[in-house]
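In what follows, chains are A, B, ... by sequence order, proteins preceding strands, each numbered from 1. Scope of the values below: all heavy atoms of this structure, side chains included, with no hydrogens, waters or symmetry mates.
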Amino acid sequence: MSTAPASAATWTRRHLLGLEELSAEEITAILDTAESFAEVSDRPRKKVPALQGKVVFNLFFENSTRTRTSFSLAAKRLSADVQDFSASTSSLSKGESFIDTARNIEAMGCDVMIVRHSISGAPHLLAKHVGSSVINAGDGAHEHPTQGLLDLLTIRRKKGRIEGLTVGLVGDIAHSRVARSNIWGLTKLGAKVILCGPPTLVPRSFEQLGCEVAYHLDDVLPRLDVINVLRIQAERQQRGLFPSVSEYFYFYGVTQQRILRSRPDVLLIAPGPINRGVELTPEVADGPHSAILDQVTNGLAVRMAVLYLVSGRASQGDRAD
Amino acid sequence: MSTIHIKGGRLIDPSQGIDATLDLWLREKQVLAVGRDGPEQVDEVIDATGLIVCPGLIDCHVHLREPGNEEDETIATGADAALAGGVTTVACMPNTIPPLDTPAGVEYIVLQAKRAKKCNVYPVGAVSKGRTGNELAELGRLVEAGAVAFTDDGAPVANPALMKRALQYASMFDKVIMQHCQVMELTEGGVMNGGFQSMRLGIPGMPPEAEDIMVARDIRLAEVTGGRLHIQHISTARAVDCVREGKRRGVRVTAEACPHHFTLTDDRLASFDSHFKMNPPLRTQSDVEAVIEGLTDGTIEILSTDHAPHAPEKKARELNLAPFGIIGLETLVPLTISYLIEPGHLDWSTAIRMLTIAPAQLLGLDHRKGSLRPGFDADVTILDPSARWVVDPSQSRSKSRNTPFGGWEVTGRAHTVIVNGEVRFRAGELTSP
């Protein structure tokens, strides 16, 4: 791709830290840019020179395979040089601070830092201390903006729109960064969001973000255009936030029976990694309503778009954020 | 004999009901006289025209980090910060390394404070051995060594049976148990106030009920034991209500509030800046209003800082990993003036009471501190109530810089500070005794 998509003109930010601070226009600009990059993946030669000469660092302070791989591949398709950095093998284990680690990486000529961290706000801290662009690849329970964007892109591609849809997020909302990014993105683009799970995982306070909170999945299923199934961590059950995995599955597991009670065109998405038999059954995960693998493909396009947009502005010395 | 004459100031001494333009004479280490006439032979005259002259300010809640964390603060540097803030007496918390749970530890503080020769420093002893909450420390011997009160601050005395015993046992010495009120099971892993903001930001929360429940429990324990209970750094609306109700029932309970809890709310954490991370955490606007109301109606009778210095490298970490706490000694006066007095929540006399005689009574020092009665210790703070200035963390006398108030434009600051009859701070400079 030699010319920038027209929508990129609305983008003025150096970082992507979350969807909360983005306007509907900015979110749409990313999605539109992603559409134009999606085509690159279908080419026999899957590469464009957009980020040639740029250096992208994957700074992963928390384990992740798919997000890191997706970002790496996205950067490579844009012809950037990509370097992985994982905390377990780094000087962090020798006591170096998070900020010093990032500054050292920056001293190697980094243009974009992709940051995954188990603590909310960690990418925001880096953004204050480095000159590079920072992309949040998931921070604590705060946000996972590129996951939110790829969910939006998947819904938009499958349903043709976002506005007016009713999207159910099912699972551990309280501890989910994916849920928060989805909530911000979906509501800004005009969808209705229903959060569903037990009160210990879905506090009533989420209504203040403009969502509906429901505790009984079977009651809300017929209203949903999209079901987004979030992962349940075993650790939550060990901490007593719900009595057992089997009880959770009984009330909230997305089964074939539940799909049959849903709208005929209901779309099923899940950020993964999915736990078959906990959040959903294999026949649902692999069934005709599922767009789980489309999400992975769309994730690549979204990440190419985000890398393109933030580094494009950074190269112009723009600090408007 | 050295005599100081402070003339022409507005002298405010709530312990004597004084708020008038009066002169003050100090001789050696004591207050000599208050009034219009005094000795003609004096060694130094301080012109306090346009200034406020009051008993030396007392902060009952300060962390000095010595022994154990001298990289954050020492007794000497903390006392310098106190003087620069107009504070002549501090009570320092026992959560040092090792904790102040032995007579030797308490005596060490007394000795280091004497060596530093800055402000007065009174150690607060630990309630439990090792601050582990299992077994009472030797409270009586700690009193003899110099402890003026007891707390396991930094953490609560979680076990209600131990708290009950502490209240009973300390009453033998008429000492107060100061409690950091928090049910730890409800705040485990918490970083900020639990509520709308923590939900929005995905940051683990410390819900207000964790404080409310402990305050309620301890007021009941104080009631049944007749012991003296002091609620440290109160921060929630319910806790303020609970103290108000306890006082109505005649329970011997007092409470303190810190400037950050009447000036800041939890939405500041949206910046993920660890300078807004403290424990108890910043709460909501309605809690801030309740704290101010509690100060206004006398439910909360003491202002303190919870001065909690941490070296910059410790605060410059990811939010969950950064320690709780902020420095506060140098911003106590201006924040009190700017956010309590100027908006009309407190009059000058009430505010000065909260910073002088009330903490002196709490700590059992009211026979010689917190007042300008003749014969009392010659600790005097002279404030410039109208000085406008901008808080600059780099100028702090503390060893640490962890204040959320950097860049704030505030009103009022210490002008001259006298400790034991010696000028220790004047015109923005610390003076060598």
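Using a 4.5 Å heavy-atom cutoff, the side chains of A:Phe61 and B:Glu318 are not in contact.
Residue B:Arg200 touches chain A through both its backbone and its side chain, counting heavy-atom pairs closer than 4.5 Å. For chain B, the nearby part of A:Arg180 is the side chain; its heavy atoms alone come within less than 4.5 Å. At a 4.5 Å heavy-atom cutoff, the contact between A:His117 and chain B is made by side-chain atoms alone. Heavy-atom distances place the side chain of A:Glu20, and not its backbone, under 4.5 Å from chain B. Both the backbone and the side chain of B:Leu321 have a heavy atom closer than 4.5 Å to some heavy atom of chain A.
Counting heavy atoms of neighbouring residues, nucleotides and ligands inside a 6.0 Å radius, atom CD of A:Glu207 exceeds 12 of them. Around CZ of B:Arg217, the count of heavy atoms belonging to other residues, nucleotides or ligands within 6.0 Å exceeds 12.
Ring-plane geometry between A:His142 and B:Phe272 is classed as perpendicular, the angle between the planes exceeding 60 degrees on a 0 to 90 degree scale with a lower cut at 30.
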Checklist entry - Which is it for A:Ser120 and B:Ile203 under the side-chain contact (heavy atoms from CB on, under 4.5 Å) test, yes or no, and what are the steps along the way? => result CA-CA 6 Å; A:Ser120 299; B:Ile203 298 174; 3.8 Å; yes
Item to check | Pair B:Met199-A:Leu209, side-chain contact (heavy atoms from CB on, under 4.5 Å): steps then yes or no | outcome: CA-CA 10 Å; B:Met199 177 272 292; A:Leu209 299 184; 3.6 Å; yes
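Shown here for A:Ile119 and B:Leu319, the closest heavy-atom pair between the two residues is CG2-N, 3.9 Å.
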